Amino acid sequence: MRSTALRIGCGCGFWGDSAAGPAQLVRHGGIDVLVLDYLSEITLSLLARARRKRPELGYTPDFIEAVMRPLAAEIAARGIKVIANAGGVNPRGCAAALRAVLAELGVPLTVAVVLGDDVSDELARLRASGVTDLESGRPLPVQASANAYLGAFPIAQALKEGAQVIITGRCADSALALAPLIHAFGWRASELDRLALGSLAGHIIECGPQATGGIATDWRAVAADWDDMGYPIVECSADGTFVVTKPIGTGGRVSVATVAEQITYEVHDPARYLLPDVVCDFTGVKLEELGADRVRVSGARGLPATAHYKASLTYADGYRCTATLMIVGQDAAEKARHVAAAILKRTRRLFAENSLADYRAVSVEVLGTEAMYGVHARQERTREVVLKIAVAHTEEQALELFAREIFPSATSMAQGITGFAGGRPAVQPLVRLASCLVPKVQVSAQVEIYEAHGAARTVALPLPADSPPPAPRASVSARPAARAAHERGGASEEVPLVRLAYGRSGDKGDTANISVLARRPEFMPLLAEALTPEVVRTYLAHLVEGDVERYDWPGLGGWNFVLHRALGGGGVASLRYDPQGKSYAQILMDLPVRVPRTWLQAGGLLGAAP
């Protein structure tokens, strides 16, 4: 059992991340473990679609060619373990490709594959038992790929078996980092608080440089270093506490603010964050700056895991096509709207002439007019816009017709239309996402070990224990008992929310979350009154179709808002230009909040705007 801290670095936050991240961590991070997180719900749907076309595909080739081919020799020499969910929907295919490259390079590494996440064969049984989509409540699709989010213990078993590179399919993102902690420190399934802290460590680093100042609210503090952003490292101790840092000399920033923002990313109820191995309570998490680019994290609590895995389902549901045009000149926005209306009117007439049904869905956005801000937009009379028209249809033929009718607008409609260099817009399958719960007793995980010299063996893993649902903990209000200054009367003025708080937003299917964290404790009573779910729902009414919930987050000094039916279907099924809610926090940061005028005067709480 290890007695010193384990250093884990995350060199990839999504499929398409820079290859500079793994190289930076391997060569300059002093790490023991390199984790690489390639999968999102959108990525999984793309990989499933690729494998339907060619069965040998379905994994992320970047892992092989951009990471392991150039770095394998150094990884082996430094004794670094590599854990990646690059297997996507074809982990065995990914392992075969990697082993071929390792043989070509002459680098002897033991490779392991974690299997069992593919639960497609269980769909019929689940449908028959009445299991429905978690978000919509609709019946599960008949033809779909289905992958359960496995936990960390199968990966830990692969490490115990001597694996140096471990490839997984779908698993909880944070499990990539939790697994080496379980292995290094001998943590048991019953040590819930340690599992929660290890999961939090993985959650913080899973999106790469988002934890080191990437997409931070106060972007100017790190903008000069964006070209060489440091990738995150966690130094984890046997008691579960850890320090977040990055390689010395790299860009970015590790501070309480940047770490706190990342903790809230894509979390709904912070008191009950469900993972395969543990249910986490992050409401009491404490952050402490130890020095430059070093933040200590403690205070996560664990509850027993549930008896189910969450599964992500992808299925084909017609076709989609997105076209963009730039339009320049006086009244550009008005011209763009007329162009969109004309293209849609013309294609609908042609549909009728060819006995084709109408569009299933249409999305028109005039980018450059602050379209994402809805009624709060301030930029209408711009002289340069990008018109985006996205459409969905049951038949590919209809959207091929739509694609052909985009470019004729350049000679038959408004002057100043341009931007055709990219060619005719492509028609693509529309892949929808669904999710459901699968009893753990119906999922059998196993590990395949491929020794460096060719021998292979399989390790079967015991089924998880059938755990009861955890009892919810009482949520502690984030509002201090003292009355807000504005409640005591006096002159006041409006300031944008960004003067008072940090914000971060993300997505889970068709649900978005926005966290709001007070810049100073003194702001919390006022913000608690100003930021009700009703206020947020009204301000974002042009984006949100469902309810808005607010969860207190006292440890981080803020709140988490969960926005239901907020992404036009979410992921690749959405026709919006922002199908993942990445811009939502920035929009909310412009919400006007009334504060005491004394806060703006010399010596007051508010300084210059961030």
Side-chain angles (χ1 to χ4, degrees), residues 14-16 39-50 133-138 140-141 144-145 207 215 265-266 268 312-325 340 344 358-374 386-396 398-399 402-403 406 425-436 504-514 537 540-548 561-588:
F14 65 100
W15 185 21
L39 298 186
S40 66
E41 291 176 326
I42 288 180
T43 302
L44 205 65
S45 66
L46 296 174
L47 294 174
R49 188 172 75 190
D133 178 25
L134 283 175
E135 286 203 27
S136 69
R138 292 192 291 266
L140 299 180
S145 66
C207 293
I215 71 170
Y265 187 63
E266 295 183 344
H268 288 181
S312 178
L313 285 62
T314 66
Y315 61 100
D317 189 26
Y319 299 87
R320 60 174 293 158
C321 186
T322 300
T324 56
L325 303 168
L344 293 171
D358 193 9
Y359 296 109
R360 290 177 55 182
V362 172
S363 171
V364 175
E365 295 174 277
V366 182
L367 309 176
T369 65
E370 299 188 357
M372 290 293 298
Y373 283 80
V386 172
L387 169 64
K388 183 228 76 179
I389 312 174
V391 292
H393 202 282
T394 55
E395 297 187 54
E396 186 176 12
L399 296 194
F402 165 81
I406 297 299
V427 178
Q428 300 176 326
L430 191 154
V431 179
R432 291 196 182 277
L433 300 172
S435 59
C436 68
R504 177 69 66 86
S505 55
D507 72 302
K508 289 289 184 186
D510 198 21
T511 301
N513 85 287
I514 305 175
R537 173 69 176 82
L540 300 177
H542 59 291
L543 298 170
V544 181
E545 299 177 17
D547 295 331
V548 172
F561 294 88
V562 179
L563 289 53
H564 297 276
R565 291 191 289 123
L567 297 167
V572 291
S574 175
L575 299 182
R576 295 184 186 178
Y577 208 74
D578 179 9
Q580 295 178 285
K582 302 297 186 184
S583 63
Y584 285 19
Q586 289 295 295
I587 295 170
L588 188 62

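The structure presented is a predicted model; accordingly, all values stated were derived computationally and were not measured.
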Heavy-atom closest pair, residues Pro425 and Ala403: O-CB, 3.5 Å
Side chain to side chain contact (heavy atoms under 4.5 Å, CB included) partners for Cys207, two or more places apart: Gln210, Gln262, Tyr265
Ring pair (Phe, Tyr, Trp, His ring centres under 6.0 Å) involving Tyr577 - partner list, sequence neighbours excluded: none
4.5 Å side-chain heavy-atom contact, Val364 and Leu344: yes
Side-chain donor or acceptor of Tyr584 paired with backbone N/O of Ala566 under 3.5 Å: yes
Straight-line distance of Thr324 OG1 to Leu367 CG, nearest 0.5 Å: 8.5 Å
Under the side chain to side chain contact (heavy atoms under 4.5 Å, CB included) test, residues paired with Thr322 that sit two or more places apart: Arg320, Lys388, Ala390
Pairwise side-chain contact, Arg537 with Asp547, heavy-atom cut-off 4.5 Å (strictly under): no
CD1 on Ile389 to CD on Glu365, rounded to 0.5 Å: 11.5 Å
Residue Asp358 excluded, over 12 heavy atoms near CG under 6.0 Å: yes
Under the salt bridge (Lys or Arg N to Asp or Glu O under 4.0 Å) test, residues paired with Glu135 that sit two or more places apart: none
Nearest non-hydrogen partners of Val572 and Ser45, listed with the distance: CG2-OG, 3.6 Å
Any donor-acceptor pair under 3.5 Å from His542 side chain to Met372 backbone: yes
Closest contact, heavy atoms only, Gly570 versus Asp510: N-OD1, 3.6 Å
Nearest heavy-atom neighbours spanning Leu399 and Cys321: CD1-N, 3.8 Å
Val548 versus Phe561, closest heavy-atom pair with distance: CG1-CD2, 4.1 Å
All pairs passing salt bridge (charged side-chain N to carboxylate O under 4.0 Å, His left out) where residues 561-581 contributes a residue, at least two apart: Glu545-Arg565
From NZ (Lys508) to CG (Leu433), nearest 0.5 Å: 11.5 Å
Atom pair OG (Ser574) and CG (Asp507), whose distance is rounded to the nearest 0.5 Å: 10.0 Å
Donor-acceptor under 3.5 Å (Asn513 side chain, Glu266 main chain): yes
Heavy-atom donor-acceptor pair, Ser505 side chain to Gly581 backbone, under 3.5 Å: yes
Point-to-point distance, once rounded to the nearest 0.5 Å, from CG of Leu313 to CG of Leu44: 10.0 Å
side-chain contact (heavy atoms from CB on, under 4.5 Å) evaluation trace for Leu563 with Leu543: CA-CA 9 Å; Leu563 289 53; Leu543 298 170; over 6 Å; no
Closest heavy-atom pair and its distance - Leu134, Cys436: CG-CA, 3.8 Å
Counterpart residues, salt bridge (Lys or Arg N to Asp or Glu O under 4.0 Å), relative to Asp317 (two or more places apart): Arg360, Arg432
Note, Leu46 side chain near Val431 side chain (heavy atom, < 4.5 Å): no
Audit row: Leu39, Leu47, side-chain contact (heavy atoms from CB on, under 4.5 Å) steps and yes/no: CA-CA 9 Å; Leu39 298 186; Leu47 294 174; 3.7 Å; yes
Close side-chain approach of Arg504 to Ile215, heavy-atom, < 4.5 Å: yes
